[in-house]
Amino acid sequence: MTDALGTRAAGVHLHRSVSVSAILRSRRAVSLSDGTLLPYDRLVLATGARANIPTLDGVTRVRRDRQIPTAHAATLDTSNAPLPRGVTVLRDLDEAERVLAAVAAGKRIVVLGAGVLGMEIALAATAARGEACVVYHGEIPMAPNLDRGGDSVLAQSARRAGVTMVNHSRAESLLFHQDDDGVDRFDALICADGKQVHGDLLLLSCGVGARTELAQLAGLPVSTGILVDENLQCWTDERIYAIGDCAQVAAAPRVGDLTALPAGGPSGLIGPGWRQADWLAARFIAEVLGRPETAALAASVSAVVMLKADGIDVVSVGNTSADPWDLSVDDHAAGCASSPLRASQWADREAGRYVKMVTRDGILGGFVYVEMPRTAVELTLLFERGSELPFDRSVLLRYDGPDYEPEAGSAFARDVTVCWCNEVTGGTIVDSAEAGSTTVACIGAVTRAGTGCGGCTARIGDVLERFAAATAASAT
């Protein structure tokens with residue numbers, strides 16, 4: 001109630017326990033499930049995404065492209081086809097509680113899909129003394145996000161942590177048993193080669209898809225997401241915008257352009273969504289107050305993929321496509337204006353540590369690391385500054401060596417990014433600490449650092465610890 005009063009005082013009116021059933025573009029209004037019509041001057045679609053349901057015998061898939069949204073928010077994703085008992089996805093708090101209860105009870109969790117979320121859940125379950133098994137079609141986990149070296153080290157580290165990794169396994173159907181009340185419950189996942197993977201709870205972690213039904217029903221252009229231009233405006237209606245997981249940003253076609261839909265899709269990351277929301281709010285405010293138009297929405301920072309788990313720290317930043325053993329090609333002789341990508345790689349599978357650095361003309365354009373946190377901080381700073389790497393790349397590995405001295409590196413440089421989701425630097429954290437925000441929670445409240453994916457909270461703590469030590473030293 002207090003939150004509702006606060007938002008109303010700020011000029012925000014909440015409509016709870018209802019959903020939007022249609023966008024009436026000709027009337028500039030939306031129709032709610034209770035029959036209410038809400039007029040709009042500007043409409044922002046922030047409908048987010050839902051978990052993908054794979055094609056499995058025993059699980060009903062719903063075609064949603066022309067389906068009128070349900071009137072009840074609780075059934076927005078399940079519609080009239082709820083998942084079988086013992087099968088879940090992980091997109092809301094109720095589903096998280098279901099997974100947590102299974103882990104606490106010592107149940108065996110079968111995770112279908114070896115992406116970031118699937119691997120994090122499996123590792124978290126085993127860290128809590130649960131049992132987890134990850135089933136995936138490919139050879140290595142997180143294949144779309146990491147290079148082969150990082151994937152291989154991650155897979156080995158996960159097995160050492162107690163996760164059962166079942167690769168080269170295409171899931172086809174589910175096997176059920178009956179509960180005491182006669183209702184079917186998940187018993188096993190059946191793969192194409194006849195393998196049966198038994199468990200108590202099946203977690204489907206097979207990616208997400210944008211919620212685009214409202215836009216499609218309203219005749220707005222849709223591809224993987226709702227198509228908007230660089231100003232986040234829908235291609236065919238300048239009064240409608242989209243942000244976050246439902247928005248696919250792409251240049252609107254000009255007269256005479258090919259009609260093929262653009263490639264790509266929504267970013268699927270929380271940081272870009274927040275930046276879009278902040279930018280669009282500033283644009284609306286400027287428009288209402290008659291101020292000059294806001295600067296163009298800055299391009300998103302390079303893709304950052306993080307896996308967060310106890311004892312396993314994995315990050316991929318920027319372009320990591322090059323391999324150290326790629327054949328050398330004389331690109332200039334072939335008429336290419338740019339130099340080829342070069343890669344340097346170091347791995348220690350026994351220790352579960354790995355680094356790959358990708359450069360062009362010596363400038364760092366991307367990197368991958370597993371369990372090399374201090375080296376990663378140095379690489380992050382070099383990446384953001386567009387700096388050239390030392391000719392001998394191996395000198396960067398010393399930051400995670402036994403003779404590391406904090407003063408020798410840039411781990412606490414003011415301009416190094418600590419929180420990628422919100423682009424918060426070490427300097428911003430120190431400034432906030434000097435103003436009285438001396439805990440991780442306080443820093444999150446003031447700067448939003450650590451409130452996205454959560455992978456930076458330990459680093460925030462390190463910065464605050466160093467700040468406290470420096471403050472104490474200056475006081476003596």
Side-chain angles (χ1 to χ4, degrees), residues 111-127 132-169 205 302-326 341-359 364-380 382-383 389 393-402 404 409 411 420 453-456 458-459:
V111 180
L112 180 58
V116 176
L117 180 61
M119 290 302 300
E120 286 183 346
I121 289 298
L123 289 164
T126 54
C133 172
V134 179
V135 180
Y136 51 108
H137 180 223
E139 180 183 357
I140 50 180
M142 290 180 61
N145 306 119
L146 295 180
D147 68 318
R148 182 177 176 82
D151 281 331
S152 299
V153 174
L154 169 61
Q156 177 170 292
S157 297
R159 291 188 176 96
R160 287 178 174 175
V163 178
T164 302
M165 305 290 289
V166 183
N167 61 354
H168 294 303
S169 298
S205 185
S302 297
V304 179
V305 177
M306 295 185 177
L307 183 145
K308 304 163 293 295
D310 289 342
I312 302 178
D313 186 22
V314 181
V315 173
S316 174
V317 178
N319 183 354
T320 61
S321 59
D323 186 88
W325 312 116
D326 288 341
L341 292 173
R342 305 296 188 191
S344 301
Q345 188 178 49
W346 178 85
D348 183 351
R349 293 192 65 184
E350 286 303 309
R353 304 205 296 177
Y354 174 82
V355 174
K356 183 170 82 172
M357 298 163 272
V358 177
T359 60
L364 184 65
F367 62 92
V368 178
Y369 79 84
V370 181
E371 281 302 297
M372 296 286 284
R374 295 175 183 143
T375 300
V377 171
E378 191 71 17
L379 290 174
T380 298
L382 293 170
F383 175 80
L389 294 189
R393 310 287 196 256
S394 67
V395 301
L396 294 167
L397 302 177
R398 76 181 191 275
Y399 294 116
D400 281 289
Y404 167 74
W420 283 91
C453 72
C456 61
R459 281 278 296 127

Distance in Å, [X] [atom1] paired with [Y] [atom2], rounded so as to fall on 0.5 Å steps:
X	Y	atom1	atom2	result
Y369	L396	OH	CG	14.5 Å
L307	L123	CG	CG	6.0 Å
D147	Q345	CG	CD	6.5 Å
I140	H168	CD1	NE2	9.0 Å

Residues that A343 engages under side chain to side chain contact (heavy atoms under 4.5 Å, CB included), provided they are two or more places apart: A322, P324, K356, V358

Evaluation steps, side-chain hydrogen bond (donor to acceptor under 3.5 Å, both in side chains), between D400 and T375: CA-CA 6 Å; D400 281 289; T375 300; 2.7 Å; yes

Closest non-hydrogen atom pair between [X] and [Y], with its separation:
X	Y	answer
G113	V134	O-CG1, 3.7 Å
G366	T320	C-CG2, 4.1 Å
L146	S316	CD2-CB, 3.5 Å
L117	S205	CB-OG, 3.9 Å
A158	I312	N-CD1, 4.0 Å
M119	A114	CG-O, 3.8 Å

Below 3.5 Å, can you tabulate the donor-acceptor pairs from side chains in residues 160-167 to any protein atom, sequence neighbours excluded?
| residue | atom | partner | partner atom | Å |
| --- | --- | --- | --- | --- |
| R160 | NH1 | R349 | O | 3.4 |
| R160 | NH1 | E350 | O | 2.6 |
| N167 | ND2 | E139 | O | 3.0 |

Contact check, side chains of L389 and L382, non-hydrogen atoms, under 4.5 Å: yes

All side chain to side chain donor-acceptor pair (under 3.5 Å) counterparts of T380, not counting sequence neighbours: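 Partners of T380 under the side chain to side chain donor-acceptor pair (under 3.5 Å) test: none.
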
Side chain to side chain donor-acceptor pair (under 3.5 Å) against T126, all qualifying residues, sequence neighbours excluded: none

Crowding at CZ, R148 (>12 non-hydrogen neighbours, <6.0 Å): no

Intermediate values then yes/no, side chain to side chain contact (heavy atoms under 4.5 Å, CB included), Y354 and V368: CA-CA 8 Å; Y354 174 82; V368 178; 4.1 Å; yes

Under the salt bridge (Lys or Arg N to Asp or Glu O under 4.0 Å) test, residues paired with E371 that sit two or more places apart: none

Residues in salt bridge (Lys or Arg N to Asp or Glu O under 4.0 Å) contact with D313, at least two apart in sequence or another chain: none

Option among R353, M372, R374 that satisfies the side-chain contact (heavy atoms from CB on, under 4.5 Å) test with L397: M372

Working for side chain to side chain contact (heavy atoms under 4.5 Å, CB included), residues Y399 and V377: CA-CA 9 Å; Y399 294 116; V377 171; over 6 Å; no

